[in-house]
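Inspection log for the structure reproduced underneath, given as structure tokens.
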Amino acid sequence: MAKGYNDPAMEEKFQDRYFHATTESNPEFIKEVERLGRTPAHMCFQCGTCTGSCPSAPRSSYRIRKFMRRAVLGLEREALTDPDLWLCTTCYSCSDRCPRDIAPTDVIMAMRNLAFKEDIVPRNFLKTIQLIYNTGHGVPNNDVNRAARVKLGLEAEPETTHKYPEFIPGIQKILDHYHMKENADRILSEGEQ
């Protein structure tokens, strides 16, 4: 006996494993996400383990499962314009626990890269790029932290670009290669007009 749904409409839909739910979907989106993320996102079967293991999920509206579904369905606009895309802390808990060996974190990073190409980036991330460019840190050291470090018996400056500023030009070269600082400056200045 052949397996099936005994419903011609359902049979037709499931013949295409890239079945897309709406006319808003872009079938190329999953391919681009998989190419950039280097993970087979289309293999996600929505078990929810990613969201269940996500430390951000209980404290925010971020649901990685939702983004995995959007990737599979090709809901590019919905995924790239959702501010929650930027709530992932990239801890890789979801990737460690995915029963299908998919790396959901890499799916999120791929989506962020696609969003950045379209200038869809929260302003605080753009300001972080500027800080990294200028100091080598997203959160630079300050006098309060220096005093706390000394009080704990540590050197005032950590073993980073704060202590070795000669490495900052190397960081700037990487950011310049990808035009990240240039784009951050441009987008932030456009928002001020």
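Values below: all heavy atoms of this structure, side chains included; hydrogens, waters and symmetry mates excluded. Remember, predicted model here, so these are calculated numbers, not experimental data.
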Do NZ/NE/NH1/NH2 and the carboxylate oxygens of K31 and E34 come within less than 4.0 Å?
no
So that I can tick it off, tell me whether E157 and R146 are bridged by a salt bridge, with the cut-off set at under 4.0 angstrom between side-chain N and carboxylate O.
yes
If you measure only the distance, is there a donor-acceptor pair under 3.5 Å linking the side chains of D176 and Y133?
yes
Kindly compute the distance separating CZ (F45) from SG (C98), expressed to the nearest 0.5 Å.
7.5 Å
Taking atom SG of C54 and atom CZ of R65, what is their separation to the nearest 0.5 Å?
13.5 Å
Of all heavy-atom pairs between [X] and [Y], which one has the smallest distance, and what is that distance?
X    : Y    : answer
T135 : I168 : O-CD1, 3.7 Å
L73  : S25  : O-CB, 2.9 Å
A103 : S95  : CA-OG, 3.3 Å
Q46  : M68  : NE2-CB, 3.9 Å
K66  : S61  : NZ-O, 4.5 Å

What pairs with T90 under side-chain hydrogen bond (donor to acceptor under 3.5 Å, both in side chains), at least two apart in sequence or on another chain?
none
Across all chains, not counting sequence neighbours, the side-chain hydrogen bond (donor to acceptor under 3.5 Å, both in side chains) partners of R35 are E32
Are [X] and [Y] close enough that some pair of their side-chain heavy atoms sits under 4.5 Å apart?
X    : Y    : answer
L85  : F67  : yes
I108 : Y62  : yes
P104 : I64  : yes
D119 : R186 : yes
R77  : I120 : yes

Please list, chain by chain and in numerical order, all residues satisfying salt bridge (charged side-chain N to carboxylate O under 4.0 Å, His left out) with D185, sequence neighbours excluded.
K181
Heavy atoms of other groups near R38 CZ, more than 12 under 6.0 Å:
no
